[in-house]
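Labels below follow one simple rule: chain letters A, B, ... track the order of the sequence lines, proteins then strands, and each chain is numbered from 1. Worth knowing before you read on, the calculation uses all heavy atoms, side chains too, and leaves out hydrogens, waters and symmetry mates.
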Amino acid sequence: MMAETKAGPTDEYYAQRLQKAERLRKLGRNPYANDFRPTHTAAQIHAMWSDRTGAALEAESVAVAIAGRVVAVRAFGKAAFLKCQDRTGSIQLYIQRDVLSVADYEIYECLDLGDIVSVKGVLFRTKTNELTIRAGPFAIVTKALRPLPEKWHGLADVETRYRQRYLDLIANPGVREAFQTRARILEAIRAYFHEQDYLEVETPMMHPIPGGAAARPFVTHHNALDCDLYLRVAPELYLKRLVVGGMERVFEINRNFRNEGISTQHNPEFTMVEWYESYATFEEQMRHTEAVIAYVCKSVLGTTTVEYQGTVLNFTPPFARYRMIDAVGRIGNVPEAELCKTSGIALVELFERLVQPKLIQPTFITHYPVEVSPLARRNADDPSVTDRFELIVYGREIGNAFSELNDPVDQAERLRQQAEAKTKGDEEAMFYDADFVTALEHGMPPTAGASLGIDRLVMLLTNAPSIRDVILFPLLRPEQVECRPATPTP
RNA sequence: GAGGCGCUAGCUCAUUCGGUAGAGCAUCGCCCUUUUAAGGCGAGGGUGCCGGGUUCGAAUCCCGGGCGCCUCACCA
């Protein structure tokens, strides 16, 4: 009985392949057996024997056992070359009727493009000098009932690539590479903070009161407690509670959820690294930000200059720095006289419109107005601005940091103002979080915190034009209108 | 949320003015034991995203809807 999937039971490919699976069973072979253990990966075979000549391989008679998906078949009457792909790459297999046992050749006759096979054999070189496994014992370990996308053009339809990412990963090798790079970037970030004596922590994703960023939250409901909860928009307020508790250097790499628009720069759930260091200011955090990005670039790419969409970006510290008001004046060409009478909120608007798109190379913009920075410490010389910066690269906001406000009385007042703005209809204003204020009242050491948008950083380092290219399963509208379970949970 | 573009075979794409929908790959059959998008001969395969409308006749024109992509707005 056919499950509820895309192709109907009359699907030609499905029927043919199902028949071959049955034929395998009649031959006494389980088309989904799990009794094979490879001795090597494709990459290991290439690494270990790529320097051997054909004659040397004949002399050594190297036996290997590998498994992988058949992604290309070039068949002759009684022989065939298969391209076998595993997690590390691919290796060619050579099937010959008079080398395989009669039973194994029957198995081969049940093979379709896309099946996962196991093979034991010895290495040799073909006429064209390609390192190849001459197949001996041969099995189909997983029968694929659906065909692969076309071999030459690959899978191009972006919607299918995102909805059925596994096909994208099989058909488009660059995709796996991008996500391997993403993983290495995360490893490097962790390594950097561990080297700096930071402790990695995990704080709640479900918040009774969302906070730490100006953003609309997702709402959910806990049945047993019968209360609404919000998916976190930022870990900030929890990480600062940990600093109050004596964790003077903490970082967290995790998801944030913001109920806002989707674009090439925005996914509703996205990954940030956020870190806090006591007895430091935003000045030190600028140095950490430069350093961690340079560290990542060097360990992942081997260089701090990277080409992004045709532009060379130079991540070699130090990055350029401008106070916001200076950036708007000098880069935005807004006259001094006009800047003096501009409100903080209007200044930020001018910055985002006139300056930010022009900031291609990594640039710190510092001293954001206090109105847009309810959690940041005021500047000692100018209380209308905060000791805060954002990092802009290629016109995009990549990071945000500030010296933390640790005066509980000032913090309470600023949160009251946010709450008031919320009651007046500002949906992105923050809630008043009394529990957080209480934590500050117990004393948070002078601290500076910072964050980096991981997805956007990965985009820059993998030359990805869209955030969906660096998120395995970006949010798409469900294909069926009905996305709730048929029976609602009581 | 607004505008633009797209949706045709399993995949990648054609289809000039509205007149019985095509190719390559894939599939099936035959030949073929060193290929690299193997090759040769032959065959099958279509809800043209969905629903209306106009028309003798719609993949094509019109209206509505769906999904995606891009740009803008919001945002990180």
Side-chain angles (χ1 to χ4, degrees), chain A residues 6-8 10-17 19-20 54 71-83 90 92-100 105 112-114 124-130 132 134 144-164 167-168 170-172 212-216 233-234 255-274 348-349 352-353 356 372 390-393 396-400 426-428 451-457 459 465-468 474 476-481:
Chain A
K6 280 185 180 174
T10 56
D11 182 86
E12 180 194 6
Y13 293 86
Y14 189 92
Q16 285 166 1
R17 285 161 176 262
Q19 234 169 30
K20 289 184 184 174
V71 294
V73 176
R74 289 179 286 275
F76 304 83
K78 299 176 185 64
F81 289 97
L82 313 182
K83 186 177 177 189
S90 62
Q92 183 167 261
L93 312 180
Y94 188 41
I95 301 281
Q96 292 170 100
R97 185 153 91 172
D98 56 14
V99 169
L100 255 53
Y105 195 76
D112 286 300
L113 204 48
F124 75 107
R125 283 192 185 275
T126 64
K127 271 183 188 169
T128 52
N129 214 34
E130 178 160 348
T132 301
R134 193 184 303 277
L145 299 182
R146 296 191 188 282
L148 247 31
E150 195 236 15
K151 61 185 172 187
W152 185 241
H153 299 91
L155 180 65
D157 181 78
V158 279
E159 187 172 354
T160 308
R161 289 185 48 217
Y162 298 147
R163 289 196 196 276
Q164 296 180 275
L167 293 178
D168 194 27
I170 294 166
N172 301 321
R216 283 204 240 176
V233 296
R255 227 67 68 80
N256 292 336
F257 305 86
R258 299 190 184 174
N259 204 340
E260 286 155 2
I262 296 175
S263 77
T264 52
Q265 312 296 315
H266 302 83
N267 193 62
E269 53 178 308
F270 63 100
T271 302
M272 287 204 354
V273 55
E274 193 156 320
V348 173
E349 278 172 17
E352 287 175 355
R353 200 171 73 240
Q356 188 170 327
V372 298
E390 288 197 0
L391 174 63
I392 313 293
V393 185
R396 302 171 183 168
E397 185 185 337
I398 301 298
N400 180 26
D426 181 353
E427 293 192 71
E428 287 167 6
S451 63
L452 280 174
I454 299 293
D455 313 281
R456 290 182 178 179
L457 181 63
M459 286 170 69
S466 169
I467 199 167
R468 298 178 203 100
L476 298 185
R477 190 181 289 274
E479 282 181 291
Q480 290 79 16
V481 183

Hits for ring pair (Phe, Tyr, Trp, His ring centres under 6.0 Å) against Y105(A), two or more places apart or cross-chain, chain-then-number order -> Y108(A)
Pick out the pairs of N or O atoms, protein on one side and nucleotides 3-5 of chain B on the other, that lie under 3.5 Å.
none

Protein within reach of the bases, or only the backbone? For nucleotides 23-35 of chain B, mark each nucleotide 5' to 3' as B, S or -, using heavy atoms under 4.0 Å.
-BBBBS---BBBB
Which residues pass the salt bridge (Lys or Arg N to Asp or Glu O under 4.0 Å) test with R255(A), sequence neighbours left out?
E269(A)
Nearest-Å distance once atom P is located in both A26(B) and G10(B):
16 Å
Nearest-nucleotide 5' precedence on RNA chain B, P465(A) against I398(A):
P465(A)
Looking at residues at least two apart in the chain, or sitting in another chain, which of them share a ring pair (Phe, Tyr, Trp, His ring centres under 6.0 Å) with F270(A)?
none
Heavy-atom nearest nucleotide on RNA chain B for S263(A) versus R258(A): which residue maps closer to 5'?
S263(A)
OP1 or OP2 of C69(B) less than 4.0 angstrom from a side-chain nitrogen or oxygen of R163(A), does that happen here?
no
Closest of C13(B), C11(B), A76(B) to the A156(A) side chain is C13(B)
Please check if the number of heavy atoms outside K83(A) that lie under 6.0 Å from its NZ is greater than 12.
no
F257(A): partners by ring pair (Phe, Tyr, Trp, His ring centres under 6.0 Å), with sequence neighbours left out
none
